[in-house]
Every structure is written in structure tokens, then in C-alpha cells.
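In listed order, ligands and their atoms are each counted from 1.
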Amino acid sequence: MNYDKNNIFAKILRGEIPCKKIYEDEFVLAFYDVNPQKKIHALVIPKGEYVNLDDFSSKASEKEIVGLIKGIGAVAKKLGISEVAKGRGYRSLVNVGENGGQEVPHLHFHIFGGEKVGKMVS
Ligand code: AMP
């Protein structure tokens, strides 16, 4: 799977274009989606170069995999929407490839919250 180093999230990771940062650690960067679909819409991306979840699940190290999952939890907590943070919950999803509706070829988890997210798939 070829990774395109010029995709928009790669540029955000290199600091070449700005983002509204929410959280960052060794493994992930999280920022607000530029076109929010819900009251709160965040994106969590791994710092490594992975095209999608297939690529990540087959090539990422165990540390990176744990780091990404922990990062998603940390972001939900920081946003105040996780049940751990006494929030009301949220939805996290990842689109993979053409049928999944993936537009940006760098793995990203969406986090939706701040209101009832609604039907799971439309
Ligand atoms: P997907 O369809 O799963 O690939 O989602 C890509 C998401 O990236 C969409 O929700 C876009 O609104 C979002 N997006 C695209 N460019 C940017 C950007 N520069 N900053 C933040 N979010 C972006």
C-alpha cells in the first residue's frame, strides 16, 4: 500500500498547514474536523505513515496500536464527552477505502459527540 506523503493530514503532521489542535502525544495528533458533522467532531490520527486501518493493523507496532487506542480515549476525555469524564458518550468510526467513503489517505478515527449522534449508518 503506497502512502502519499502529500496528503493533507501528512501536511498537518509536518506543520505545513494549520489545524485546531486538541491533543498530541508520542503516537497521535488530534484536531477538529474542518467540516463538522456534529456539535463536536474531532479527528485522531497516528503519527506514523499509514494509509488506512488495513495498513495500520498489518504494519503498525504494538506500541503504536496501543498508543492510537489510548489516544482516542484521551481525546474523548479531554473533550469532556467520554463516560470516564462523566460525559454522555460519543461515537468513533473509521472509514476505509472507496466503499467505506475514505477521502483522506492517512488513517483517521472520527469522534462525534456533544449531542445525540443518531442512526449508526445512513
Ligand atoms: P474521511 O471521509 O473519513 O476520509 O474523512 C476525512 C475528513 O477530513 C472529513 O470529515 C473532512 O472534513 C476532514 N478534513 C479534510 N481536510 C481537513 C483539514 N485540513 N483539517 C481538518 N479536517 C479536514
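Applying the side chain to side chain contact (heavy atoms under 4.5 Å, CB included) rule to A74 yields the partners Y23; only residues at least two apart in sequence or on another chain are considered. Listed by chain and number, the residues in a salt bridge (charged side-chain N to carboxylate O under 4.0 Å, His left out) with E16 are R14 (sequence neighbours excluded).
Here M120 sits in one hydrophobic cluster together with V121; the rule is ILVMFWY side chains under 4.5 Å apart, joined directly or through other members.
No donor-acceptor pair closer than 3.5 Å links the side chain of E24 to the backbone N or O of I22.
Checking each of L68, L43, I45 against F109 for a side-chain contact (heavy atoms from CB on, under 4.5 Å) leaves exactly one that passes, namely L68.
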Between the protein and ligand 1, which nitrogen or oxygen pairs come in under 3.5 Å, and how far apart is each?
unit_1	atom_1	unit_2	atom_2	d
ligand 1	2 (O)	G101	O	3.0
ligand 1	2 (O)	E103	N	3.4
ligand 1	3 (O)	N95	ND2	2.8
ligand 1	3 (O)	H108	NE2	2.8
ligand 1	3 (O)	H110	NE2	2.8
ligand 1	4 (O)	E103	N	2.6
ligand 1	4 (O)	V104	N	3.0
ligand 1	4 (O)	H108	NE2	2.9
ligand 1	5 (O)	H108	NE2	3.1
ligand 1	5 (O)	H110	NE2	3.4
ligand 1	10 (O)	D33	OD1	3.3
ligand 1	10 (O)	D33	OD2	2.5
ligand 1	12 (O)	D33	OD1	2.6
ligand 1	22 (N)	V34	N	3.2

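At a threshold of 4.5 Å between non-hydrogen side-chain atoms, the residues N95 and H110 count as touching.
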